[in-house]
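The structure appears below as structure tokens.
We count residues from 1, following the sequence as given.
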Amino acid sequence: MQTIHLTSQNTAQWHKGFPEQAVAIGFFDGLHKGHLSVIQEAKRLADKAGIASAVMSFFPHPKTVLGKGADSFPYLMPLEEKQAALEALGIDTLFLVHFDRDIAGIPPAGFVEQFLIGLNAVQVVCGSDFH
């Protein structure tokens with residue numbers, strides 16, 4: 001599994017660099033049953049369509065950047081463990097998005113264009129609380 005670190009400034013360099021893929025998108029501070037359900041659905045869709053699978057996660061937690069009462073966030077799983085677990089699930093690519101005020105300021109349609117369509121996501125799976 002490859003890990004790609006994305007920022008608001010470097011996504012364009014990755015455009016056109018990926019095959020079609022199914023992407024699970026969310027914060028995924030750990031991989032509990034709810035997270036696994038989302039990720040496994042993206043993997044299932046990828047396998048069914050014969051395309052690559054990916055997970056898009058964010059770091060640091062948006063609450064720490066947007067100042068919603070949390071100076072720090074208690075992550076359920078260190079990044080290295082999360083990477084190993086995703087690799088064991090057969091995920092092809094982990095997109096780790098550096099969450100900052102620039103990312104937070106991208107309008108939803110712009111985020112979809114830059115971070116999903118631009119990275120050739122043809123299937124996207126997220127949890128009901130993703131926004």
Side-chain angles (χ1 to χ4, degrees):
M1 179 183 78
Q2 66 176 330
T3 299
I4 306 294
H5 294 267
L6 298 174
T7 67
S8 58
Q9 288 79 36
N10 77 352
T11 54
Q13 80 183 44
W14 294 104
H15 289 184
K16 311 276 190 252
F18 291 96
E20 290 185 340
Q21 53 191 339
V23 178
I25 184 172
F27 181 68
F28 304 122
D29 59 319
L31 298 180
H32 58 64
K33 288 181 181 181
H35 293 154
L36 287 173
S37 176
V38 171
I39 293 165
Q40 289 169 334
E41 177 63 9
K43 176 70 172 142
R44 185 191 70 75
L45 290 170
D47 291 346
K48 181 178 178 183
I51 60 177
S53 61
V55 169
M56 184 175 288
S57 185
F58 302 87
F59 187 86
H61 194 284
K63 287 181 181 179
T64 66
V65 173
L66 300 175
K68 295 192 177 185
D71 292 331
S72 64
F73 185 85
Y75 299 97
L76 299 176
M77 180 181 283
L79 177 59
E80 296 78 19
E81 286 182 34
K82 180 167 46 174
Q83 287 171 304
L86 292 172
E87 188 164 10
L89 290 171
I91 300 301
D92 297 306
T93 305
L94 169 60
F95 293 108
L96 193 58
V97 179
H98 178 75
F99 193 86
D100 58 16
R101 291 202 176 270
D102 290 339
I103 297 285
I106 299 172
F111 183 88
V112 168
E113 181 65 37
Q114 185 175 352
F115 285 85
L116 297 173
I117 295 170
L119 297 171
N120 216 9
V122 297
Q123 302 263 2
V124 177
V125 181
C126 63
S128 61
D129 62 347
F130 181 78
H131 57 276

For E87, enumerate each residue passing the side chain to side chain contact (heavy atoms under 4.5 Å, CB included) test, keeping only those at least two apart in sequence or located in another chain. M1
Would you check, one step at a time, whether the test side chain to side chain contact (heavy atoms under 4.5 Å, CB included) holds for V124 with M56? CA-CA 10 Å; V124 177; M56 184 175 288; over 6 Å; no
Value for CD1 (I39) from CG (L36), rounded to nearest 0.5 Å, stands at 6.0 Å
Is there a side chain to side chain contact (heavy atoms under 4.5 Å, CB included) between F59 and L79 once you walk through the steps? CA-CA 9 Å; F59 187 86; L79 177 59; over 6 Å; no
Got a sec, which residues hit side chain to side chain contact (heavy atoms under 4.5 Å, CB included) with E81, two or more places apart in sequence or on another chain? M77, P78
Got a sec, which residues hit ring pair (Phe, Tyr, Trp, His ring centres under 6.0 Å) with F58, two or more places apart in sequence or on another chain? none
What pairs with N10 under side chain to side chain donor-acceptor pair (under 3.5 Å), at least two apart in sequence or on another chain? T7
Applying side chain to side chain donor-acceptor pair (under 3.5 Å) to D92 and not counting sequence neighbours gives S53
Contacts of Q9 that satisfy side chain to side chain donor-acceptor pair (under 3.5 Å) - sequence neighbours left out: D102
Distance col, row F27:CZ vs C126:SG, nearest 0.5 angstrom, shows 15.5 Å
I51 side, atom CD1; N120 side, atom CG - distance, nearest 0.5 Å: 8.5 Å
Rounded to the nearest 0.5 Å, how far apart are CD1 of I91 and OG1 of T3? 11.5 Å
Within the distance-only criterion (no hydrogens, no angle test), does the side chain of Q21 pair as donor or acceptor with the backbone N or O of L119 below 3.5 angstrom? yes
What residues, two or more places apart in sequence or in another chain, satisfy ring pair (Phe, Tyr, Trp, His ring centres under 6.0 Å) together with H32? H35
Could you pull out all residues at least two apart from A85 that satisfy side chain to side chain contact (heavy atoms under 4.5 Å, CB included)? L31
Filter on ring pair (Phe, Tyr, Trp, His ring centres under 6.0 Å), then keep only pairs touching residues 83-127, sequence neighbours left out; what's left? F18-F95, F111-F115
Sequence neighbours excluded, the answer for side chain to side chain donor-acceptor pair (under 3.5 Å) partners of Q123 is none
Can you list every salt bridge (charged side-chain N to carboxylate O under 4.0 Å, His left out) pair that touches residues 35-57, not counting sequence neighbours? E41-R44, K43-D47
